[in-house]
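Here is the structure we will look at, set down as structure tokens.
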Amino acid sequence: MMKQRHSRVGPRKSSSMSWTLILTMLVSFTFLILILLALGILSIPSTSSRLPKPNDLTSIARNTLLTHSEGEEEKWVELVSWEPRAFVYHNFLTKEECEYLINIAKPSMHKSTVVDSETGKSKDSRVRTSSGTFLARGRDKIVRNIEKRIADFTFIPVEHGEGLQVLHYEVGQKYEPHYDYFMDEFNTKNGGQRIATVLMYLTDVEEGGETVFPAAKGNFSSVPWWNELSDCGKKGLSIKPKRGDALLFWSMKPDATLDPSSLHGGCPVIKGNKWSSTKWIRVNEYKA
């Protein structure tokens, strides 16, 4: 006598219904999450959203807190531009270091010159009306300490840097927009092309004297100090001189091509005096 087979249709229907219910709940939950995200009620944490967008200068934030001890000015670095790549290291120099550089430079100041692209030699020019002098690289302990700090800031060895140049701008004096990189073969023989510049402000300037980048990319009027700039300073991305601050900008892109957005100049001083010190950095070791 044959045994009767039991039907399994019932359990299969129950399992199918369970999976359908789970799938329905997942779809509903996903749909709910999407609605909450769209309404802004729910957000996905992201570290990248806190970073400034390229060329967006609406919120220049402190990116790196460096040091701050009792009795010392707080030091931090601000990203101010991606095109060109430019950073301001606040309170890079102490008040005493600024005064020291000015005092050792004063006895040997002379009218500033520019580089002749045809001969590679210095020549007088109306585009630069300041006075200045060069300090030998590593001339004393204080200068060596500053140069070491510049190397730490740029991650480029001291041997790649030219000697410090100290500049003085009186009322009405300026430096028309120019490039720090060379357009001739004479100056690149010793140390190669200039890759970056560190400009240190040794005094405050009451009005004018900004460092302006007229070819920079960005919404210039959004910088916090826009209303404090002179008419010249509003012609591009500008940095106001503040004693002790150091401006680092790159004349070459990361792919080693020249960066035309690094065009820069010194706006005329309207009120006060401007003292600054410049350090040019080469691609290769520079024979001082």
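Quick note: residue numbers are just sequence positions, from 1. These values consider heavy atoms only, across backbone and side chains, with no hydrogens, waters or symmetry-generated copies. Because the structure is predicted, anything quoted here is derived from the model rather than measured.
- For the 3.5 Å distance criterion, the side chains of D259 and W250 fail to qualify, holding no donor opposite an acceptor.
- Counting only heavy atoms from C-beta outward, the side chains of K240 and V205 never approach each other to under 4.5 Å.
- The two residues F213 and T211 make their nearest non-hydrogen contact at CE1-CG2, 4.1 Å.
- Rounding to the nearest 0.5 Å gives a distance of 11.0 Å between CD of E207 and CD of E228.
- A salt bridge links E147 with K279: the distance from a Lys NZ or Arg NE/NH1/NH2 to an Asp or Glu carboxylate oxygen falls below 4.0 Å.
- Remark: side-chain polar atoms of H168 are not paired, donor with acceptor, to backbone N or O of G132 under 3.5 angstrom.
- Here S261 contributes atom OG and K217 contributes atom NZ; the two are 5.5 Å apart, rounded to the nearest 0.5 Å.
- In this structure, CG on D255 lies 3.5 Å from OG1 on T257, to the nearest 0.5 angstrom.
- Under a hydrophobic clustering in which Ile, Leu, Val, Met, Phe, Trp and Tyr are joined whenever their side-chain heavy atoms come within less than 4.5 Å, directly or via other members, M183 and L263 fall into the same cluster.
- Shortest non-hydrogen contact noted between Q193 and F182 is OE1-N, 2.7 Å.
- Identified under the disulfide (SG to SG under 2.5 Å) test for residues 208-288, with sequence neighbours left out: C232-C267.
- By the 4.5 Å heavy-atom criterion applied to side chains, I239 and F249 are not counted as neighbours.
- Shown here are the side-chain hydrogen bond (donor to acceptor under 3.5 Å, both in side chains) partners of R149, two or more places apart in sequence or in another chain: E97.
- Separation of atoms CZ (R243) and OH (Y201) is listed at 15.5 Å; rounding is to 0.5 Å.
- L167 and F134 fall into different hydrophobic clusters, where Ile, Leu, Val, Met, Phe, Trp and Tyr residues are linked whenever their side-chain heavy atoms come under 4.5 Å apart, directly or through other members.
- Contact of the I102 side chain with the T203 side chain is registered, since non-hydrogen atoms from C-beta on lie closer than 4.5 Å.
- Of all heavy-atom pairs between D231 and K235, the closest is O-CG, 3.6 Å.
- Between the CD1 atom in I281 and the CE atom in M252 there is a gap of 13.0 Å [rounded to 0.5 Å].
- The side-chain heavy atoms of L135 and L101, taken from C-beta on, include a pair separated by under 4.5 Å.
- For the pair R282 (side chain) and H160 (backbone), a donor-acceptor distance under 3.5 Å is absent.
- When each of V77, L199, L79, D245 is tested with V88 by the rule side chain to side chain contact (heavy atoms under 4.5 Å, CB included), just one qualifies, namely D245.
- Between F87 and W82, the ring planes are perpendicular. Angles over 60° get that label, and only those under 30° would be called parallel.
- Scanning both residues, L247 and A86, for their nearest heavy atoms gives CD1-CB, 4.3 Å.
- Side-chain contact check for Y179 versus P260: some heavy-atom pair is nearer than 4.5 Å.
- Side chains of S276 and Y169: no donor on one and acceptor on the other come within 3.5 Å.
- Hydrophobic clustering, with ILVMFWY side chains joined whenever heavy atoms are under 4.5 angstrom apart, keeps V212 apart from V223.
- The hydrophobic clustering, which links ILVMFWY residues whose side-chain heavy atoms are closer than 4.5 Å, places Y100 and L93 together.
- Taking the six-membered ring for Trp and thresholds of 30 and 60 degrees, F92 and Y89 have ring planes more than 60 degrees apart, a perpendicular arrangement.
- Closest approach of G266 and K174 over heavy atoms only: O-CB, 3.3 Å.
- I195 and Y181 fall within a single hydrophobic cluster, where Ile, Leu, Val, Met, Phe, Trp and Tyr are joined by side-chain heavy atoms under 4.5 Å apart, directly or via other members.
- Summarising the geometry of Q173 relative to T129, their closest heavy-atom pair is NE2-O, 2.9 Å, with the distance given to 0.1 Å.
- Between the OG atom in S130 and the CH2 atom in W275 there is a gap of 10.5 Å [rounded to 0.5 Å].
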Could you walk me through whether I142 and I104 pass the side-chain contact (heavy atoms from CB on, under 4.5 Å) test, one step at a time? CA-CA 11 Å; I142 295 178; I104 63 174; over 6 Å; no
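- In this structure, a donor-acceptor pair under 3.5 Å is absent between the side chains of D180 and S251.
- For the pair W76/H90, a side-chain contact is recorded, criterion being any heavy-atom separation below 4.5 Å from C-beta on.
- A side chain to side chain contact (heavy atoms under 4.5 Å, CB included) with M200 holds for exactly one of L164, L248, T278, V166; it is L164.
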